[in-house]
Asker: 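Just dropping this structure here.
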Number of protein chains: 2
Amino acid sequence: MERPRIRDYFQWDLSQNETITPKQRAILQASLDLFAEKGFDQTSTSDIAQRAGVAEGTVYRRYKTKAALRDAILAPITAHIVPILASDFSEDKLRQRYPSLQAFVTAIFTDRVAFAKANVKELKVIFEMVAFDTERREQILSQIAPKMVKQMGSVINQLKADHLIVDWPNDLILQSLLSQLFGYLAQLMLELPGTEIEREQAYLITVMTKILTPGEHDQITGQ
Amino acid sequence: MERPRIRDYFQWDLSQNETITPKQRAILQASLDLFAEKGFDQTSTSDIAQRAGVAEGTVYRRYKTKAALRDAILAPITAHIVPILASDFSEDKLRQRYPSLQAFVTAIFTDRVAFAKANVKELKVIFEMVAFDTERREQILSQIAPKMVKQMGSVINQLKADHLIVDWPNDLILQSLLSQLFGYLAQLMLELPGTEIEREQAYLITVMTKILTPGEHDQITGQ
DNA sequence: AAAATAAGTGAGTGATAACTCATTTTAATG
DNA sequence: CATTAAAATGAGTTATCACTCACTTATTTT
């Protein structure tokens with residue numbers, strides 16, 4: 001059974017979904033744009049209809065509720081966000097030793113950064129949803145976190161055995177990886193100016209490698 | 001003219017504001033809690049009244065609109081957020097040379113992390129507001145960014161001259177500082193589990209020092 | 001204690017927004 | 001072209017929510 005490559009998840013083409021009329025496609029696109037621009041609650045269904053060039057009733061033809069419409073937008077990305085975040089380390093990559101720390105970091109970030117870049121709007125909508133819905137957040141986390149800890153854990157332990165990575169507890173290492181990703185995401189979503197997005201990926205890899213390289217500054221001084 | 005120390009901004013005691021009745025104080029507290037829990041739009045004024053143990057009319061006695069109530073909550077923090085983020089480097093600290101990179105990083109993060117920790121709820125409300133209000137975001141940024149770039153810039157240049165900091169463009173250095181802060185903030189606001197918040201400050205300083213220490217991995221490799 | 005001022009109340013109001021449905025328009029099929 | 005099915009429409013319904021106001025209760029002043 002073949003796992004799909006991460007690149008296949010990029011660039012959702014909403015139009016290739018089954019039989020979907022141009023108007024329905026316009027509704028999905030308008031919703032995504034508006035939710036990302038103004039937020040879910042601040043977007044009315046009449047806003048969506050107007051932006052999509054459609055009557056309001058058309059919005060409700062396929063999606064029973066506004067929330068269902070949001071779910072439909074996020075369906076493709078949520079369906080694959082778990083494997084993208086947590087896996088990709090299970091099979092081939094796990095068994096192959098990482099020759100260097102940089103190789104490990106590159107493996108982690110390359111696809112994930114590209115994925116984030118290709119789905120900024122969707123991620124923003126997810127963030128808004130998850131920020132104020134504790135239940136949903138914990139549900140998602142309980143799916144992702146254990147896999148991540150387990151799969152990444154083995155790789156990290158390998159690197160530790162080879163003295164290729166800093167001797168921190170694994171959760172701290174994971175935390176710095178995540179923290180770095182969050183910082184990057186925030187920049188994308190808030191459209192912070194003065195950022196050459198193009199150099200981001202290389203920058204992230206450089207910084208992350210630097211953080212995790214064993215060295216003299218590794219002692220975490222208490223306060 | 002004495003500038004207030006950052007510690008003075010911590011821990012807003014809403015009750016010490018002028019003449020404020022217990023009920024008004026309860027309204028402010030309930031609003032802050034609910035806005036941070038459920039989000040601004042998902043919180044109705046009747047929710048607030050109920051949580052505060054007050055009639056709905058009472059909410060509107062002092063604050064003309066729901067937005068004005070939010071502004072009132074954020075007033076103290078927004079009044080001081082600019083100096084906290086951007087300054088504290090203008091006078092004494094700027095003139096005194098930083099003996100080490102760690103001293104510089106510690107100076108930057110200690111207060112800011114403590115501030116973030118003491119104002120998680122407020123920051124969450126601000127984030128929600130700013131995330132979907134481009135105008136307001138740019139307005140705030142245009143206030144903060146130039147000061148930050150200017151004041152931090154001089155310090156960074158000094159450290160560069162002494163070869164105490166990595167030879168990256170200043171905006172890239174600033175970006176990594178910010179990115180690190182964002183990552184930390186995200187953890188706070190999303191209440192991500194498995195995080196010993198107490199070690200965060202020491203961790204941030206360690207990591208940031210490591211990132212900015214000049215070394216062999218400084219080349220940012222293109223993709 | 002009486003008068004005056006301020007604080008608090010909650011039923012009521014207008015507007016908005018999510019959602020419905022009878023009808024019309026478009027597309028598919030024989 | 002006629003028939004049928006699907007898609008689209010937009011006026012209408014219902015519920016919620018921000019906000020008001022005439023009135024009551026508490027507090028201060030004289």
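Within every chain, numbering begins at 1; the chains are lettered A, B, ... in the order of the sequence lines, protein sequences first and strands thereafter. Below, each value reflects all heavy atoms present in this structure, side chains not excepted, and no hydrogens, waters or symmetry copies. No experiment lies behind these values; they were computed from the predicted model shown.
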Asker: For B:F40, check ring pair (Phe, Tyr, Trp, His ring centres under 6.0 Å) against everything at least two apart and list the hits.
Answerer: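 B:F40: ring pair (Phe, Tyr, Trp, His ring centres under 6.0 Å) contacts with B:F35.
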Asker: Return each pair, listed once, that meets salt bridge (charged side-chain N to carboxylate O under 4.0 Å, His left out) where at least one residue sits in residues 40-50 of chain B; pairs must be two or more places apart or across chains.
Answerer: B:K38-B:D47
Asker: Taking DNA chain C as the partner, which of residues 54-61 of chain B come within under 4.0 angstrom of it by heavy atom?
Answerer: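 Here the set is B:V54, B:A55, B:G57, B:T58, B:R61.
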Asker: If the condition is side-chain hydrogen bond (donor to acceptor under 3.5 Å, both in side chains), which residues does A:Q24 pass it with, not counting sequence neighbours?
Answerer: none
Asker: Which residues pass the side-chain hydrogen bond (donor to acceptor under 3.5 Å, both in side chains) test with B:K121, sequence neighbours left out?
Answerer: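 Only B:D33 meet the side-chain hydrogen bond (donor to acceptor under 3.5 Å, both in side chains) criterion with B:K121.
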Asker: Which pairs pass ring pair (Phe, Tyr, Trp, His ring centres under 6.0 Å) with one or both residues in residues 43-63 of chain A, sequence neighbours excluded?
Answerer: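 Non-adjacent pairs meeting ring pair (Phe, Tyr, Trp, His ring centres under 6.0 Å): zero.
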Asker: Could you check which residues of residues 33-51 of chain A get a heavy atom under 4.0 Å from DNA chain D? Sort them by number, please.
Answerer: none
Asker: Can you check whether B:K66 has a side-chain N or O nearer than 4.0 Å to OP1 or OP2 of D:dA18?
Answerer: yes
Asker: Can you tell me the distance, in whole Å, between the CZ atom of B:R62 and the P atom of D:dT20?
Answerer: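 Distance check: B:R62 CZ to D:dT20 P gives 17 Å.
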Asker: Run the side chain to side chain contact (heavy atoms under 4.5 Å, CB included) check on A:I156 and A:F104 step by step: do they pass?
Answerer: CA-CA 9 Å; A:I156 292 175; A:F104 168 68; 4.3 Å; yes
Asker: With sequence neighbours left out, what residues match B:R61 under side-chain hydrogen bond (donor to acceptor under 3.5 Å, both in side chains)?
Answerer: none
Asker: Mind checking what makes side-chain hydrogen bond (donor to acceptor under 3.5 Å, both in side chains) contact with A:S176, not counting sequence neighbours?
Answerer: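 A:S176: side-chain hydrogen bond (donor to acceptor under 3.5 Å, both in side chains) contacts with B:Y203.
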Asker: With sequence neighbours left out, what residues match A:R70 under salt bridge (charged side-chain N to carboxylate O under 4.0 Å, His left out)?
Answerer: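 A:R70 satisfies salt bridge (charged side-chain N to carboxylate O under 4.0 Å, His left out) with no residue once adjacent residues are dropped.
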Asker: Sequence neighbours left out, what pairs pass side chain to side chain donor-acceptor pair (under 3.5 Å) with at least one residue falling in residues 130-140 of chain B?
Answerer: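 Found none.
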Asker: Nearest whole angstrom, please: distance from the P of D:dA6 to the CD of A:Q24.
Answerer: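 Spelled out: CD on A:Q24 to P on D:dA6 is 15 Å.
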Asker: Compare side-chain N and O positions of A:K23 against OP1 and OP2 of D:dT9 and report whether any pair is under 4.0 Å apart.
Answerer: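 Looking at the OP1 and OP2 atoms of D:dT9, one of them is under 4.0 Å from a side-chain N or O of A:K23.
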Asker: Tell me, please, the opening and closing nucleotides of DNA chain C, 5' to 3', among those with an atom under 4.0 angstrom from a non-hydrogen atom of chain B.
Answerer: C:dA7 to C:dG10
